[in-house]
Structure formats: structure tokens, C-alpha cells
Amino acid sequence: MTVSLPIISAMKIEGCILPTAILSTNAAFPGYYIDDYTKHMEAYINHWKDIHLEFDAIYIGFIASLEQVDMIIDFVRYFKKQDTVVILDPIMGDHGKLYSITNPSMWNKLIDLLPFVDIITPNLTECYQLLNQSYHFGKHEEHELFDIATRISVMGPDKIVITGIEYQNRIQNYVYEKGKEPRSIIIEKIGENRAGTGDVFSSIVAGGVTKGESFIVSVQKAVEFLNQAITYTNQMNIPPRNGICFEEFLSIL
């Protein structure tokens, strides 16, 4: 929330926050405190129904419990209009491992949500979990990425960007849109892996498509923004678990 809302606001979009959990820090810090917000969500949602809120987009991030998946599905069914875009960032793991905060049972439940999703922004670890396959280390050829994306698309989302594919000090983002030729956006890797990179990326994509930008343009904007922000963060010698100094660049969004 502390990453997404400033970005959404800087893109001149009003953000309405429905917390799924409150954390003392990001999960890269040892001993973090987490408060599961499941028991509060129904009252939150009911009030939004009472005041007849409407949304141009629904952006789904960290999900704290299995029960929340069903609540989110009901939320989307109620609030999604014909032109409402639903974006899912399945925050579950990276580099072949689940995050310490992740419930391993979440993957099978998350598949129930995919038919209601238009855009999904998984990394490779999350892709393999959604497909119930063991993680494949090493270089991924274009045909492998296409196979992964099409199989996930069959589950629901028409648009997929497989994020942060690392190989030989390069970062590839594989952009798939049903009915279009896939494209890759590749940049040089800058420094160490950092907490919060996926949050920044997905928030910019969500903001872009909400404003009516094409999917590929939104992804390109997210890649360019991160490239500048990470370069600056490294120059400032910020520890990787502290995340990214994105605030310095909000005005360019």
C-alpha cells in the first residue's frame, strides 16, 4: 500500500484501499509483524456497497488468507462493470522459492480467481506455481515463455507480463496479449535484487491501463521508471531489503 498508493495518486487516479493485511515492514526484514485483515474486510466492502462506489479498475495484490480469495471473487462479481479492468499481482515468491509470508496452499485457491482477471503480472516462480510445475532454473527460450503465458491465459487473463526474467545480467519482461504477437522488453540488470520491485512495476501497469494506455506502453513505462529509480537507489547505497527510492521520480509518471 505504501508503494502502490503514491504511484496511483501520482498518475492522477483516485485510489480506494481495501487492506488484506497490515505489516510493520516488508517481508524482507526478519521478525516483521503482520495483522491479517480478513475479519474486517466484509464490513469495509459492505460500506462501499452502501455508498454505491464504482471502479474503473480493480487492482489485487497480496492476499493474506484462503478465505480472502472467495471474498475477492465476490467483490469482483459485484463491482466489475463492463469496462472495469481487473489486474492481479500474485505476490507469492521469486527465484524458485515462496516468500516466508506465503501460505503454500494459496496457489490452488488462487486459480479460482483467474477467470475474473484481465491482466496478471507474475514472475517466473509464480508462473510455475500457477501451472503446478517445478521451477526451471536457467535461460528460458521464447517458445517456453510463450507456452507458459498461453497456458496461464487459458485460465482467464487475456494479458500477461512475465516479469523480471534474469539471464546473464539482463532482465526480460515477456509481454503476452491474446491474439497479438508477444514482445519482450529487455534491459541490463542493475545491482542486487531489491524488495518492492514488483510492487512498483505492477502499480504503474495498473495505473497505465486504467488511464487507457495500451498494455505494452504501460509495461514499457514501468520498465523505464524502475530503471531510473533503481539506478538512483544504488547510488544512494540503500540496502536491498529497504526497497526502491521511487519517490524521487513520481513526477515523471
Residues pairing under ring-ring contact (aromatic ring centres under 6.0 Å, His included) where one sits in residues 205-234, two or more places apart or in two chains, turn out to be Tyr232-Phe249
Ile58-Val3 co-clustered via ILVMFWY side chain contacts under 4.5 Å: no
Side chain to side chain contact (heavy atoms under 4.5 Å, CB included) test vs Ile63 passes for just one of Thr38, Asn103, Ile91, Leu113, namely Leu113
**Request:** Give a yes or no on whether His47 atom NE2 has more than 12 heavy-atom contacts from other residues, nucleotides or ligands under 6.0 Å away.
**Result:** no
**Asked** For Lys97, does the NZ atom have more than 12 heavy-atom neighbours from other residues, nucleotides or ligands under 6.0 Å away?
**Response** no
### Message
Would you say that Gln220 contacts Val175 through its side chain, given a criterion of any heavy-atom pair below 4.5 Å between the two side chains?
### Response
no
Between the CD1 atom in Ile187 and the CG atom in Asn227, the distance rounded to the nearest 0.5 Å is 4.5 Å
Residues 237-248 side chain polar contacts: donor-acceptor under 3.5 Å, at least two apart:
none

Taking C-beta and beyond as the side chain, do Ile148 and His136 meet within less than 4.5 Å on heavy atoms? no
Separation between CD1 (Ile162) and CD (Glu144), nearest 0.5 Å, reads 10.5 Å
Closest non-hydrogen atoms of Ile73 and Asp112, given as atom of the first, atom of the second and distance, are CD1-O, 3.6 Å
Applied to residues 54-72, the salt bridge (charged side-chain N to carboxylate O under 4.0 Å, His left out) test, sequence neighbours excluded, yields Glu54-Lys81, Asp70-Lys109
Minimal heavy-atom distance between Ala57 and Thr210, with the atoms involved, is CB-OG1, 3.1 Å
Subject >> Cluster link Val205 to Ile230, ILVMFWY, side chain under 4.5 Å >> reply: yes
So the ring-ring contact (aromatic ring centres under 6.0 Å, His included) pairs with at least one residue in residues 82-134 (sequence neighbours excluded) are Tyr128-Tyr135, Tyr128-His140
Tightest non-hydrogen contact, residues Gly198 and Asp89, listed as O-OD2, 3.8 Å
Closest heavy-atom pair, Leu110 versus Pro90, reported as atoms and distance to 0.1 Å, is CD2-CB, 3.9 Å
Using a 4.5 Å side-chain heavy-atom cut-off and chaining through intermediate ILVMFWY residues, the residues clustered with Tyr33 come out as none
For Thr125 and Asp94 the tightest heavy-atom approach is OG1-C, 3.2 Å
* To do: State, yes or no, whether a side-chain contact exists between Ile22 and Met1 at a heavy-atom distance under 4.5 Å.
  => yes
* Ile87 vs Ser202, side-chain contact (heavy atoms from CB on, under 4.5 Å): CA-CA, chis, key distance, verdict -> CA-CA 8 Å; Ile87 307 107; Ser202 297; 5.7 Å; no
**Item:** Test item: Val117 and Val76 side chains (from C-beta on) under 4.5 Å apart, heavy atoms
**Value:** no
Shortest non-hydrogen pair, Gln228 vs Ile252, comes out as NE2-CD1, 3.6 Å
- Decide yes or no on side-chain contact (heavy atoms from CB on, under 4.5 Å) for Arg77 and Asp74, but give the supporting numbers first. CA-CA 5 Å; Arg77 280 177 168 152; Asp74 289 341; 3.8 Å; yes
Is a side-chain donor or acceptor of Gln129 paired with a backbone partner of Met92 at a separation under 3.5 angstrom? no
For residues 168-178, the side chain to side chain donor-acceptor pair (under 3.5 Å) pairs (sequence neighbours left out) are Glu142-Gln172, Asp158-Lys178, Gln172-Ser184
Contacts satisfying salt bridge (charged side-chain N to carboxylate O under 4.0 Å, His left out) that involve residues 28-48 (not counting sequence neighbours) are none
Check whether Phe29 and Ile34 end up in the same hydrophobic cluster, where Ile, Leu, Val, Met, Phe, Trp and Tyr are linked by side-chain heavy atoms less than 4.5 Å apart.
no
Report task. Indicate yes or no: at least one non-hydrogen side-chain atom of Leu145 is less than 4.5 angstrom from one of Pro182. Result -> no
The single option from Thr121, Ile119, Leu114, Ile72 that satisfies side chain to side chain contact (heavy atoms under 4.5 Å, CB included) with Leu88 is Leu114
| request: Compare all side-chain heavy atoms of Thr233 with those of Met236 and state whether any distance is below 4.5 angstrom. | output: no
Distance col, row Leu253:CG vs Ser9:OG, nearest 0.5 angstrom, shows 11.0 Å
Would you kindly confirm whether Leu53 and Tyr59 end up in one hydrophobic cluster when ILVMFWY residues are joined by side chain heavy atoms under 4.5 Å apart?
-> no
Applying salt bridge (Lys or Arg N to Asp or Glu O under 4.0 Å) to Asp199 and not counting sequence neighbours gives none
Where do Asp118 and Lys159 land on the side-chain contact (heavy atoms from CB on, under 4.5 Å) test, with the steps shown first? CA-CA 6 Å; Asp118 301 303; Lys159 298 180 177 69; over 6 Å; no
Taken to the nearest 0.5 Å, the spacing of Gln68 CD from Met71 CE works out to 7.0 Å
Taken in chain and number order and not counting sequence neighbours, the residues that satisfy ring-ring contact (aromatic ring centres under 6.0 Å, His included) with Phe79 are Phe55, Phe75
Item checked: Residue Asp50 excluded, over 12 heavy atoms near CG under 6.0 Å -> yes
Checklist entry - Hey, does Pro19 have a side-chain heavy atom less than 4.5 Å from the side chain of Tyr44? => result yes
Members sharing Ile186's hydrophobic cluster, built from side-chain contacts under 4.5 Å between Ile, Leu, Val, Met, Phe, Trp and Tyr, are none
- Task: Look at the side-chain heavy atoms of Ile, Leu, Val, Met, Phe, Trp and Tyr, link any pair under 4.5 Å apart, and say whether Met106 and Ile101 land in one connected group.
- Result: no
**Asked** Would you say the side chain of Ile171 lies within less than 4.5 Å of the side chain of Val223, judging by non-hydrogen atoms?
**Response** no
Residues pairing under salt bridge (charged side-chain N to carboxylate O under 4.0 Å, His left out) where one sits in residues 182-197, two or more places apart or in two chains, turn out to be Glu166-Lys189
Across all chains, not counting sequence neighbours, the ring-ring contact (aromatic ring centres under 6.0 Å, His included) partners of Tyr167 are none
| Exam field: side chain Asn123 to backbone Gly93, donor-acceptor pair closer than 3.5 Å | yes
